[in-house]
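A short worksheet on the structure shown next.
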Amino acid sequence: MAEALAGIRVLEAGGGAALAYAGKLFADFGAEVLKLPDPGDPLATAWPRIEGGSALQAWLNTSKRLVEGSVASLAPTCDVLLDSRPVAEGDLPRHLIATRISWFGETGPYAGFAATDVTCRALAGVFACVGPAEGPPAMLGGMAGEALGGIAAFIATAAALWGGGGRRMEASIHEANIAIAEYQAAQAVTNPEVERRLGVNRFAPTSPLGVYRCREGWLGVTIVTPLQWRAFCEMVGLPELGQDPAYIVWPGRLADADRLERIFAERLAARTAEEWFEEALARRLPFAVVPEMETLLATPTHRARNAFQRVKLGSAEFEGPTLPQRLTRTPPRAQGIAPLHAEPAPPAPVLMGSPAATPLPLQGLRVLDLSMGWAGPVCTRTLGDLGAEIVKVEAIQYPDWWRGVDPRPEFFENRVYERDIRFCFQNRNKSGITLDLSRPEGAALLKRLVAESDVVVENYARDVLPKLGLDYPVLRRARPDIVMLSMPAFGGSGPWRDARAYGSTLEHASGLPTVSGAADGPPLTNQLAYGDPVGGMNAAAALLAALLHRKATGEGQHIDLAQVECMFPLVAPWIIAQSALGDPGPRLGNRHPDHVPHGAFPCTEEGWLAVAVTDDAAWSRLADLLRRADLAGLGLEARREREAELEALIADWTRGQSADAAMHAMQAQGIAAGAIRWPTELRQDPHLAARGFWQERERAFIGTHTLPSAPLRMQGGPPLDIRRPAPTLGQHNAAVLGGMLGISPAEIEALEAAGIIGTEAIPTAQRKPRSAPRTEAARASA
């Protein structure tokens with residue numbers, strides 16, 4: 001098959017999983033990636049290890065060439081430089097697109113901090129809401145944070161390639177992970193329960209949401225709506241519980257969670273997780289079997305989609321996740337070879353180029369956004385941040401669920417649906433129109449808009465667009481080179497293609513909970529809706545890969561993005577360990593296979609500090625800080641044998657000071673440490689303030705409000721500008737339909753009179769029965 005990024009030459013300099021994953025996205029889509037050896041790369045010894053080196057590093061390096069040379073000698077022959085070294089190169093060729101990848105960006109108080117995946121995510125607000133109510137917060141290791149940082153770096157670089165010209169880009173792993181916590185940061189303003197640590201497998205604003213033992217296996221359960229609660233209770237033989245008015249909505253269920261879980265846990269234990277899942281599919285409930293790694297690797301649905309890539313490292317072979325960006329015409333490689341030794345760099349011509357022609361790399365790109373909820377809008381807002389024109393399409397009959405789902409008349413009379421800050425977070429830098437796609441006039445207008453656009457993003461249920469006559473084969477006739485992205489939970493084919501899923505369901509189905517939490521506890525859900533922002537960022541990367549292919553060949557294509565597969569790279573170390581070693585290892589809680597000691601430690605004012613001792617030198621410095629010079633010489637295995645004792649010493653030291661004071665004291669000694677921020681604390685975080693991360697904008701119905709920035713920017717520059725706040729319903733009907741399609745004011749008035757378009761939502765009681773539901777994954781936090 002053709003490869004999406006063939007003909008692009010990338011130079012990779014530095015170390016770390018974020019850099020390596022950004023390079024993997026290029027390499028597995030066919031770019032020529034030259035990797036310079038880095039003697040200090042922490043991946044070289046990263047778990048899991050096999051004979052010949054780190055299996056994780058090998059998976060990250062598939063299809064790359066390890067080469068001799070330097071940035072200065074090789075950059076003139078390359079299109080792209082991906083660089084995570086502490087000190088940037090000096091003069092670079094003007095044609096070169098250079099992306100700097102770092103933990104905290106190039107500026108700000110944390111810019112020089114020592115960090116690991118866990119301490120960085122702690123400062124991004126990812127852990128504070130997870131784990132036992134009394135603490136400590138639960139902090140899963142691995143490379144989840146660096147995976148998002150690598151995707152952000154790929155997005156920045158691919159956008160620059162699409163826009164042309166030698167741009168200098170910057171990606172912050174810290175800011176990329178704030179996308180995980182921003183839901184709580186937004187909703188906690190009006191619903192403080194969202195930002196409390198409620199206990200293992202408990203998250204507001206819904207209940208139940210967690211992992212429950214069955215006769216065999218574990219079942220991931222997420223209940224949001226009253227209808228789902230009643231269906232769940234009927235499924236487990238408790239119909240009277242489903243009708244109890246005290247439990248119709250989530251606050252009552254969450255307040256009585258202990259009692260309710262004891263009741264239904266007994267019923268769930270009577271059947272296997274597979275049996276419950278099959279019934280949930282029939283009832284259209286967002287449940288999933290929570291697989292151990294061995295089961296995940298053997299799942300027929302995933303095997304049929306080539307979800308696992310065969311990796312060769314010398315004589316060793318094992319599997320890791322295939323890139324989840326499933327471009328149907330130019331898919332990523334399902335097998336790869338990891339380099340063992342450096343070789344001379346292959347010859348290539350010195351490239352020449354000209355400066356960028358537009359201020360933002362995606363300026364001139366037009367995207368029709370048919371998605372709602374979280375994942376799809378994160379995808380399109382990312383493209384909008386980089387300069388694309390995003391036209392969000394809603395309907396007055398069924399607006400985006402993040403505008404609210406309250407059926408009461410006063411909700412519509414007072415236009416409360418215009419006041420939800422969550423909608424504003426996800427839909428900045430977009431125009432907004434309304435179209436009733438269930439009517440021929442609305443469908444015809446959409447086809448005309450497609451003819452004037454480059455990209456369509458949708459998250460309808462699988463059978464909806466075909467019924468409306470608006471699926472990819474039809475839209476392709478309107479625009480032959482259109483790039484269209486669909487994002488079903490489990491892919492557009494196979495027995496699970498119609499499964500309902502929230503972001504939590506996607507995490508459950510990925511197996512991530514089975515490697516999370518304490519060894520003597522249940523599998524641990526790590527986020528309220530992990531799959532949504534992760535899916536959105538992966539979707540943006542997929543679109544850019546397809547657009548670069550179209551730029552080179554003129555071919556559009558359809559992208560079938562299974563959101564569950566977007567979670568697999570976050571589970572990659574354990575998937576690889578299962579395949580390479582036959583065992584993913586025990587659940588470690590807050591401990592780590594490579595960093596000892598490692599954990600969350602109590603501070604004053606109920607604060608917590610994440611600490612990761614990465615090597616012997618860091619431990620020696622920490623022992624001095626603890627005034628225990630007698631322990632400074634302990635090596636890794638000695639520290640592991642005495643880990644509980646060392647954890648107690650650190651906790652005794654941290655209890656006497658604030659998390660920030662302890663963090664700065666450790667950072668002064670070069671020890672990776674990060675205060676475990678609550679999501680709302682991010683608004684006052686000094687580093688984010690210094691970087692201008694929060695931008696204030698004005699909007700009708702809300703007034704002045706604060707929005708997060710993109711995790712990428714032009715190197716050395718301010719955050720990418722939020723050029724416009726989120727649209728009100730149908731705000732740009734006249735501007736878009738008149739400007740793009742030439743529709744006259746009189747025609748627009750007629751469309752509004754007929755209810756094809758409009759600017760006010762139709763009250764629930766006045767709507768016709770809905771025949772085209774969207775996927776539940778798009779409604780993860782409605």
Side-chain angles (χ1 to χ4, degrees), residues 100-115 119-129 145 148-149 152 156 169-190 192 194-195 381-382 385 421-422 424-426 428-429 533 603-610 657-668 672-699 702-723 725-726:
R100 296 276 298 161
I101 306 167
S102 62
W103 288 112
F104 298 103
E106 300 292 291
T107 61
Y110 305 162
F113 271 17
T119 64
C120 181
R121 283 190 286 152
L123 280 164
V126 172
F127 299 128
C129 301
L148 290 187
M169 309 297 290
E170 175 188 324
S172 161
I173 301 169
H174 176 233
E175 291 169 11
N177 281 272
I178 289 174
I180 306 300
E182 66 181 23
Y183 172 86
Q184 288 99 328
Q187 194 174 27
V189 174
T190 55
V194 169
E195 204 187 37
R381 85 169 186 194
T382 302
D385 291 340
I421 194 69
R422 296 171 300 172
C424 296
F425 268 44
Q426 306 304 336
R428 63 183 186 236
N429 284 333
C603 300
T604 60
E605 300 174 351
E606 299 183 351
W608 293 87
L609 181 71
Q657 52 198 310
S658 71
D660 274 75
M663 173 179 71
H664 285 289
M666 288 195 181
Q667 287 289 347
I676 298 178
R677 296 271 188 250
W678 289 100
T680 50
E681 284 185 301
L682 298 172
R683 295 176 186 271
Q684 291 79 43
D685 183 273
H687 179 75
L688 295 173
R691 286 176 59 78
F693 180 79
W694 297 100
Q695 301 186 44
E696 284 193 350
R697 293 296 179 267
E698 290 282 335
R699 180 183 179 275
I702 290 180
T704 301
H705 59 294
T706 306
L707 298 171
S709 297
L712 37 92
R713 60 180 69 188
M714 308 297 182
Q715 188 179 350
L720 297 177
D721 186 39
I722 297 176
R723 304 180 302 283

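In what follows, residues are counted from 1 in the order of the sequence shown. Below, each value reflects all heavy atoms present in this structure, side chains not excepted, and no hydrogens, waters or symmetry copies.
- Closest approach of A171 to A152, counting heavy atoms only: CB-C, 4.3 Å.
- Between the side chain of W694 and the backbone N or O of L682, at least one donor-acceptor pair lies under 3.5 Å.
- The distance from the CD atom of Q426 to the CG atom of L707 is 10.0 Å, given to the nearest 0.5 Å.
- The shortest non-hydrogen separation linking P533 to A179 is CB-O, 3.7 Å.
- In this structure, S658 contributes its side chain and T604 its backbone to no donor-acceptor pair below 3.5 Å.
- Side-chain atoms of E195 never come within 3.5 Å of backbone atoms of A188 as a donor-acceptor pair (strictly under, hydrogens ignored).
- Counting heavy atoms from C-beta on, the side chains of R428 and P708 come closer than 4.5 Å.
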- E681 and I676: CA distance, side-chain angles, deciding distance, side-chain contact (heavy atoms from CB on, under 4.5 Å) verdict: CA-CA 10 Å; E681 284 185 301; I676 298 178; over 6 Å; no
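- We find that R713 and D385 are not joined by a salt bridge, their nearest charged nitrogen and carboxylate oxygen being 4.0 Å or further apart.
- Looking only at distances, no side-chain donor or acceptor of E170 sits under 3.5 Å from a matching main-chain atom of G717.
- We find the CD-CZ distance between Q184 and R422 to be 11.5 Å, quoted to the nearest 0.5 Å.
- Taking both residues in full, the closest heavy atoms of A181 and A124 are given as CB-O, 3.5 Å, listed atom of the first, atom of the second, then distance.
- No side-chain heavy atom of I173 sits less than 4.5 Å from a side-chain heavy atom of L148.
- Within the 4.5 Å cutoff, no side-chain heavy atoms of R697 are placed close to those of C424.
- With contacts defined as side-chain heavy-atom distances shorter than 4.5 Å, the pair M169/Q715 does not qualify.
- Listed here is the closest heavy atom pair of A690 and G108: CB-CA, 4.3 Å.
- Residue pairs that meet the salt bridge (charged side-chain N to carboxylate O under 4.0 Å, His left out) test with at least one member in residues 703-712, sequence neighbours left out, do not exist here.
- The pair E182-R381 meets the salt-bridge criterion, with a side-chain N (NZ, NE, NH1 or NH2) lying under 4.0 Å from an Asp/Glu carboxylate O.
- One finds the CZ atom of R677 at 15.0 Å from the CZ atom of R683 (value rounded to the nearest 0.5 Å).
- Closest of all the heavy-atom pairs between A122 and A610 is CB-CB, 3.8 Å.
- The backbone N or O of A673 lies less than 3.5 Å from a partner atom in the side chain of Q667, making a donor-acceptor pair.
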- Could you check I178 against L688 for side-chain contact (heavy atoms from CB on, under 4.5 Å), going step by step and ending with a plain yes or no? CA-CA 11 Å; I178 289 174; L688 295 173; 3.7 Å; yes
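- To the nearest 0.5 Å, atom CD1 of residue I101 and atom CG of residue L712 are 11.0 Å apart.
- Listed here is the closest heavy atom pair of Q695 and D721: OE1-OD1, 3.6 Å.
- Here the straight-line distance linking atom CG of D685 with atom CZ of R691 works out to 11.0 Å at 0.5 Å rounding.
- Residues passing the salt bridge (charged side-chain N to carboxylate O under 4.0 Å, His left out) test with R100, sequence neighbours excluded: D83, E106.
- Under the ring-ring contact (aromatic ring centres under 6.0 Å, His included) criterion, F693 pairs with no residue, sequence neighbours left out.
- With a 6.0 Å radius and a threshold of 12 heavy atoms from other residues, nucleotides or ligands, E606 has its CD atom at or below the threshold.
- Using cut-offs of 30° and 60° for the angle between ring planes, the F113 and H664 rings count as perpendicular.
- Residues V194 and Y183 meet the side-chain proximity criterion, which asks for heavy atoms closer than 4.5 Å.
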- Item | Intermediate values then yes/no, side-chain contact (heavy atoms from CB on, under 4.5 Å), L123 and M663 | CA-CA 10 Å; L123 280 164; M663 173 179 71; 3.8 Å; yes
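- At distances below 3.5 Å, at least one donor-acceptor pair connects side-chain atoms of H687 with backbone N or O atoms of F104.
- Looking only at distances, a side-chain donor or acceptor of N177 sits under 3.5 Å from a matching main-chain atom of G145.
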